[in-house]
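What follows is a set of notes on a single structure, which appears directly below.
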Number of protein chains: 2
Amino acid sequence: MVASVAVARALDRDLQRQAGLTLAEHHLLAIVNEADPQGIRPTDLALASTLTKSGLTRAVDRLEALGYIGSRVCPSDGRGQLLVLTPKGRQKLRRSAPDFFRSVARHFADYLTDRETETLATAFGRIAAADRA
Amino acid sequence: MVASVAVARALDRDLQRQAGLTLAEHHLLAIVNEADPQGIRPTDLALASTLTKSGLTRAVDRLEALGYIGSRVCPSDGRGQLLVLTPKGRQKLRRSAPDFFRSVARHFADYLTDRETETLATAFGRIAAADRA
DNA sequence: CGGAATAACTTGCGTAGGCAACTAGTTGAT
DNA sequence: ATCAACTAGTTGCCTACGCAAGTTATTCCG
């Protein structure tokens, strides 16, 4: 826990300095970017992220206010929405990517051997998957 | 990050339900418990925990108010303190340990093979150590 | 087709905790 | 001995976010 919190904090600080986004916000943009181009439902986004639904509502509000995310009512369910990246959001993500990857390397990846990275990905993937079961 | 946040949240919830402590607070008690019996300096405790100095000040205030931690002025440095567990704090820790270990097993350790656990401990230990350099 | 039970968000409220500025004690240089 | 530079801890301010209680839309059952 000490290590993972330290890494998260380091990434967060770098991101805020370099892109004006928190780690959580940047992560949301990244998830939306890789999701179905039709858009992603908030509940799914919350599940794929580190936030609860309430945290997500507010984070999405912020990202919408910044113009990085757009939303429209879900055609198949009037209660829900579909969230997509705006062009501005896509651009933001593209532009902040290099710095972000460097940051991940410096604070995390560079400390691991390839074997460790692989083991870690498997193990943590398993845990993340189990958690949603 | 998704996995580690999920695990932390699960442990936190269990601890709050079972012991009325947050994960961070419980962790502080555990660190103090294993430190020099003369006491530990707040700055060292912050470094060994997931908190910054300011977060630590407040967490320690809470734990003192609950009677789990005691403090006295550091004899060798009038600015600082030495923090120790009270008997009540030691008891609290002993009593919450079994539930806590079960919680760690259920949400985390049970998902890992012995090999993975070892790799993980090595790798994360390295990262945590590097971060303080 | 009406009405309970459920699901998708949202919001009110409360709290932990970071940052940066502050206070007070210590050390070191002249 | 004095004064500057540093360090330990604290505090004011602010924000993110979790929980639980709403709201609105949907579904399913009679």
Side-chain angles (χ1 to χ4, degrees), chain A residues 1-2 4-17 20-29 32 39-66 69 71-83 131, chain B residues 1-2 5-17 20-29 32 39-66 69-83 131:
Chain A
M1 298 292 359
V2 171
S4 72
V5 169
V7 171
R9 195 127 73 209
L11 297 182
D12 201 56
R13 276 170 60 108
D14 284 358
L15 265 173
Q16 296 212 42
R17 211 165 40 72
L21 293 173
T22 65
L23 177 58
E25 287 162 354
H26 181 266
H27 188 197
L28 292 180
L29 294 184
V32 176
I40 184 172
R41 299 287 294 261
T43 298
D44 295 333
L45 185 51
L47 273 174
S49 75
T50 59
L51 298 178
T52 62
K53 281 198 300 183
S54 82
L56 186 88
T57 298
R58 300 182 226 264
V60 167
D61 286 350
R62 267 175 274 144
L63 291 170
E64 265 186 298
L66 290 168
I69 276 192
S71 70
R72 63 196 168 98
V73 173
C74 178
S76 67
D77 186 341
R79 294 167 300 182
Q81 304 170 222
L82 284 174
L83 304 173
D131 195 58
Chain B
M1 297 291 1
V2 171
V5 169
V7 170
R9 195 127 73 211
L11 297 182
D12 201 55
R13 276 170 61 108
D14 285 357
L15 264 174
Q16 296 212 41
R17 213 164 38 70
L21 292 173
T22 65
L23 177 58
E25 287 162 355
H26 181 266
H27 189 197
L28 293 180
L29 294 184
V32 176
I40 185 173
R41 298 288 294 263
T43 298
D44 295 333
L45 185 51
L47 273 174
S49 75
T50 60
L51 299 178
T52 61
K53 282 195 301 181
S54 83
L56 185 88
T57 296
R58 299 182 227 265
V60 167
D61 287 349
R62 283 188 308 265
L63 292 170
E64 265 186 298
L66 290 168
I69 277 191
S71 70
R72 64 194 168 100
V73 173
C74 179
S76 67
D77 185 340
R79 293 166 300 181
Q81 305 169 222
L82 282 175
L83 304 173
D131 196 58

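Convention: sequence-line order gives letters A, B, ...; per-chain numbering from 1. For clarity, every value in this text was computed on a predicted model and none was experimentally measured.
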Exercise for the section: Round to the nearest Å and state the distance from A:R17 atom CZ to C:dA20 atom P. Expected result: 12 Å

Exercise for the section: Would you please confirm or rule out a distance under 4.0 Å between OP1 or OP2 of D:dG9 and any side-chain N or O of B:T43? Expected result: yes

Completion exercise
Note: A:S71 and A:Q81 closest approach over all heavy atoms is CB-NE2, 3.3 Å

Practice task
To the nearest 0.5 Å, tell me how far B:L23 CG sits from B:T50 OG1.
Solution key: 7.0 Å

Practice task
Give the rounded distance in Å between these two atoms: NE2 of A:H27 and C1' of D:dC17.
Solution key: 17 Å

Practice task
Verify the contact: side-chain N or O of B:Q81 to OP1 or OP2 of D:dT10, cut-off strictly under 4.0 Å; return yes or no.
Solution key: yes

Handout entry: Gap between atoms CZ and C1', on A:R62 and C:dT10 respectively (whole Å)
Key = 15 Å

Exercise for the section: Taking the side chain as every heavy atom from C-beta outward, state whether A:V2 and B:H27 have any atom pair closer than 4.5 Å. Expected result: yes

Exercise for the section: Measure from CG on A:L15 to P on C:dG18 and round the result to the nearest Å. Expected result: 17 Å

Fill in the blank from the handout: When rounded to whole Å, the NZ to P distance for the pair B:K53 and C:dA24 reads 16 Å

Practice task
Indicate, with a heavy-atom threshold strictly under 4.0 Å, whether B:A24 touches base, sugar-phosphate, or nothing.
Solution key: sugar-phosphate

Practice task
Counting heavy atoms from C-beta on, name the nucleotide in D:dG9, C:dG18, D:dC17 closest to the side chain of B:R41.
Solution key: D:dG9

Problem - Heavy-atom closest pair, residues B:R9 and A:L51 - result: NH2-C, 4.0 Å

Exercise for the section: Classify the side chain of A:S54 versus the base of D:dC19 as yes if they form a donor-acceptor pair under 3.5 Å and no if they do not. Expected result: yes

Practice task
Starting at atom CG of A:D61, determine the distance to atom C1' of C:dG12, rounded to an integer number of angstrom.
Solution key: 15 Å

Are any protein N/O atoms closer than 3.5 Å to N/O atoms in nucleotides 26-29 of chain D? If there are, list each pair with its distance.
from, atom 1, to, atom 2, distance (Å)
D:dT26, OP1, A:G78, N, 2.5

Practice task
For residues A:P42 and A:L56, report the shortest heavy-atom separation together with the two atoms involved.
Solution key: O-CD2, 3.1 Å

Problem - Under-3.5 Å donor-acceptor pair between B:R58 side chain and D:dG12 base - result: yes

Exercise for the section: Identify, between A:G80 and A:R9, the residue whose nearest nucleotide on DNA chain C lies closer to the 5' end. Expected result: A:G80

Problem - Rounded distance (Å) that lies between atom P of D:dC17 and atom CG of B:D12 - result: 15 Å

Practice task
Report which part of the nucleic acid B:S71 touches: base, sugar-phosphate, or nothing (heavy-atom distance under 4.0 Å, all strands).
Solution key: nothing

Handout entry: Any A:T52 side-chain N or O less than 4.0 Å from OP1/OP2 of D:dC17
Key = no

Practice task
Give the rounded distance in Å between these two atoms: CG of A:L51 and C1' of D:dC19.
Solution key: 14 Å

Completion exercise
Nearest heavy-atom approach of A:L45 to A:V32 is CD2-CG2, 3.9 Å

Completion exercise
Winner on side-chain proximity to B:R13, out of C:dA8, D:dG9, D:dC19, is D:dC19

Exercise for the section: Measure across B:Q16 and B:T22 and return the closest heavy-atom pair with its distance rounded to 0.1 Å. Expected result: NE2-CG2, 4.0 Å

Completion exercise
All heavy atoms of B:D77 vs all of B:R79, minimum pair found to be OD2-NH2, 2.7 Å

